[in-house]
K.L.:
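Below is the structure I would like to discuss, written out as structure tokens.
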There are 2 protein chains.
Amino acid sequence: MTKQSPLELKEPVKLRPDRAAMFKALGEPTRLRIFEFLRSCCCPVSVDDSGDIRPASGPTVGEVCCRITGGERITSTISEHLKELRIAGLITVERRGKNMVCGVNEDAVSSLGKYLLDNSSDSSNNNCCGDKDQLNETE
Amino acid sequence: MTKQSPLELKEPVKLRPDRAAMFKALGEPTRLRIFEFLRSCCCPVSVDDSGDIRPASGPTVGEVCCRITGGERITSTISEHLKELRIAGLITVERRGKNMVCGVNEDAVSSLGKYLLDNSSDSSNNNCCGDKDQLNETE
DNA sequence: AAATTATTTCGCTAAATAACGAAATAAACA
DNA sequence: TGTTTATTTCGTTATTTAGCGAAATAATTT
């Protein structure tokens, strides 16, 4: 009934994307397949005047659907998976003419990769289970 | 009605853990907190005679609970989160006397990190959407 | 062996979510 | 302008899952 704001089609991408959301986005098999397809595919990246990163060319939503589902039709399921990956900050989806073109946000991906690698076997932060004095967190 | 096998308490850890499961395990805020706590905490690792990796010392399940929930009691929730992290292959949980001691599976974590870093900005695999023959739309 | 301590599994419920088709929206084209 | 093409949003349903308390299991202590 009530129309929703036509001004902003897309929900804002998390500027400080929380890692749980990124991991969660990758934690669903279909989304991971989409992500891997995008990585194998839409590699060239151009940097905008304003410094924004955008894919120079990448698959359209329709092409992603075709690859993932094997069918010809665009499905809302894939669209919604792309949305979750985009909101998490892992991919970009932007209009180019009639189509929406997908790309990988390489910065976000490599930052997530570094997070996993960085303090692997790093004992510096070893404030282990002894000091449980003040645990109250105010989030 | 049928009791389940008392012999093997634990479900087998995926030997070739699928990445979606690993990402999914990290994709829940509480589990990510647990994971980060374990990484900040139980760092020393020893390698077994048989080549198995095991934490030399790490927090017990009770200590993890204490840190994460702030309370004294061990909760089934944390236990189940630990189980999911363990099944995914990201952590180890093994009995030491009366306690279960947790550790990080550094190999799995760094392998996952490398997966994210490796073909970032790698255009070698560029079998892009062109070989689709029948995709109607090109710019 | 019974009691204690530490932890996991079970059963439940409520909330999240994946899949789907239909309707809405957006750009391009006739 | 209305129509077509491309995609997103909406509404629904079925499945999954996080959280919780109670019961079960396991090692230890008495």
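Order of the sequence lines fixes the chain letters, A, B, ..., with proteins taken first and strands second; residue numbering starts at 1 for each chain. When reading the values below, keep in mind they use all heavy atoms of this one structure, side chains included, and skip hydrogens, waters and symmetry mates. These figures come from a predicted structure and were not determined experimentally.
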K.L.:
Any side-chain N or O of A:Asn99 less than 4.0 Å from the OP1 or OP2 oxygen of C:dA27?
P.N.:
no
K.L.:
Just N and O in the side chain of B:Lys83: are any of them under 4.0 Å from OP1 or OP2 of C:dT9?
P.N.:
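Yes, B:Lys83 has a side-chain N/O under 4.0 Å of OP1/OP2 on C:dT9.
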K.L.:
Counting side-chain heavy atoms from CB outward, which of C:dA18, D:dT7, C:dT7 is closest to A:Val61?
P.N.:
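The listed nucleotide nearest to A:Val61's side chain is D:dT7.
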K.L.:
Of the nucleotides D:dG19, D:dG21, C:dT7, which one has an atom closest to the side chain of B:Ser76?
P.N.:
D:dG21
K.L.:
Among the candidates D:dG19, C:dA6, D:dA26, find the nucleotide nearest to the side-chain atoms of B:His81.
P.N.:
D:dG19
K.L.:
I want to check something: taking the side chain as every heavy atom from C-beta on, are A:Asn105 and A:Val109 in contact at a cut-off of under 4.5 Å?
P.N.:
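A:Asn105 vs A:Val109: side chains apart.
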K.L.:
Heavy atoms from C-beta onward define the side chain here; which of D:dA6, D:dC20, C:dA6 lies closest to that of A:Lys98?
P.N.:
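My answer, after comparing the listed nucleotides, is D:dA6.
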K.L.:
Between A:Arg73 and A:Lys24, name the one whose nearest nucleotide on DNA chain C is closer to the 5' end.
P.N.:
A:Lys24
K.L.:
Does C:dA27 have its OP1 or OP2 closer than 4.0 Å to a side-chain nitrogen or oxygen of A:Arg96?
P.N.:
no
K.L.:
Quick check for you: among C:dT7, C:dC20, D:dA27, whose closest atom lies nearest to any side-chain atom of B:Arg95?
P.N.:
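Output: D:dA27.
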K.L.:
Taking only the side-chain nitrogens and oxygens of B:Thr77, find out if one of them lies under 4.0 Å from OP1 or OP2 of D:dG19.
P.N.:
no
K.L.:
Nearest of D:dA18, D:dT9, C:dT7 to any side-chain atom of A:Ser79?
P.N.:
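Shortest atom-to-atom distance from the side chain points to D:dT9.
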K.L.:
Nearest heavy atom decides the nucleotide; on that basis, is A:Thr30 or A:Gly97 closer to the 5' end of DNA chain C?
P.N.:
A:Thr30
K.L.:
Quick one: which of C:dA18, D:dA6, C:dT9 gets closest to the side chain of B:Glu80?
P.N.:
C:dT9
